[in-house]
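Bear in mind the structure is a predicted one, so any value in this text is a computation, not a measurement. No hydrogens, no waters, no symmetry mates; every other heavy atom, side chains included, goes into these values. Order of listing sets the numbers, starting from 1, for every ligand and every atom in it.
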Amino acid sequence: MPQLIQAKTILNKTKRRDPWFLDDYTVNPYSGCSFNCLYCYIRGSKYGTHMEEKLAVKENAPALLDKALALRARKGQYGYIVLSSATDPYLQAEKTFKLTRSLLEVILKYRFPLHMITKSDLISRDFDLLEEIKSKAILPDDLKDKAPSGLLITFSFSTVDDQLAHVFEPGATPPSKRLVTLSDCLTRQFHAGVSLMPLLPHLSDTGEHLHEMMTAFQRAGARYVMPASLTLFGHNTADSKVLVMNAIAQHFPHLTEKYLRFFEHRNEMPKYYTEALDKKMKELAAMYDLPDRIIPQPA
Ligand code: SF4
């Protein structure tokens with residue numbers, strides 16, 4: 001059973017809007033994340049190896065958000081709220097606590113634009129509220145002519161292979177179900193796409209797997225696919241680098257040496273790799289007609 005906590009703040013104003021995720025604000029209803037992705041950037045000693053054990057529910061989040069958005073709306077400071085940046089808004093606990101649903105009601109009340117980011121099919125429970133947010137959201141002035149919708153829905157994938165995902169994202173909804181929900185979103189005319197982050201070297205970044213994924217996203221009707229390579233941190237037992245290296249040793253021992261070469265002395269993939277991946281993904285984006293940004297950048 002997750003712990004119930006009282007948060008001090010809930011609406012985080014970003015320093016600068018990220019060009020990929022368009023976040024002016026972020027909201028995280030939970031502290032920690034029970035989806036337990038091994039590569040997750042929030043990993044570390046604070047949440048431990050089994051992040052579900054440290055999960056906390058920010059019980060007062062709707063009241064805090066109501067207060068914060070009332071103030072921002074009064075000043076006309078509209079901007080995309082990303083829900084969520086450091087947890088998933090549709091964890092297993094959300095079925096019981098309905099905290100994300102309560103936050104959506106507040107966001108709708110103040111008509112803020114919203115970017116949902118999830119690895120879960122539970123988002124379909126809230127399609128009714130999301131429809132209303134989409135039709136009522138007020139975009140910030142500088143995005144009025146550029147942003148495709150006041151509601152964006154992004155599904156995160158590191159692979160479309162359910163077995164591979166089970167190793168690296170043990171608590172999340174399997175990719176096959178995520179794809180069905182993505183397709184449902186598009187059938188409802190939501191502006192929805194994919195964050196293909198992180199691609200797993202020699203596992204989900206192979207030519208064959210990339211084509212399989214792009215085909216699946218195109219078939220589902222995705223409007224964009226935003227790719228990125230793997231980044232790993234830390235040398236302690238609960239850190240992403242240690243957890244991913246352990247999983248490689250256990251499930252893909254033939255890749256251990258390659259992963260050691262990549263990550264023993266650094267946190268990011270080498271430049272030759274990121275440049276080659278960038279080039280490949282641009283080719284695939286053109287081939288499958290799937291832009292790599294929500295708001296495509298001029299060439
Ligand atoms: S769903 Fe996102 S926040 Fe949760 S563990 Fe996975 S990467 Fe981290």
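Surrounding NZ of K258 are at most 12 heavy atoms belonging to other residues, nucleotides or ligands under 6.0 Å away.
At a threshold of 4.5 Å between non-hydrogen side-chain atoms, the residues F262 and E268 do not count as touching. A heavy-atom distance below 4.5 Å is found between the side chains of R17 and L143.
Judged by distance alone, with hydrogens and angles left aside, the side-chain atoms of S204 form a donor-acceptor pair with the main-chain N or O of S158 at under 3.5 Å.
Judged by the shortest distance from any of its heavy atoms, K119 lies inside the 4.0 Å radius around the atoms of ligand 1.
Pairs of residues two or more places apart, or lying in two chains, that qualify as ring pair (Phe, Tyr, Trp, His ring centres under 6.0 Å) and include a residue from residues 122-148 are F127-F190.
Between F112 and Y78, the ring planes lie tilted relative to each other; the angle falls in the 30° to 60° range.
Around atom 8 (Fe) of ligand 1, the protein atoms of type N, O or S found under 2.8 Å away are C40 SG, listed by chain and number.
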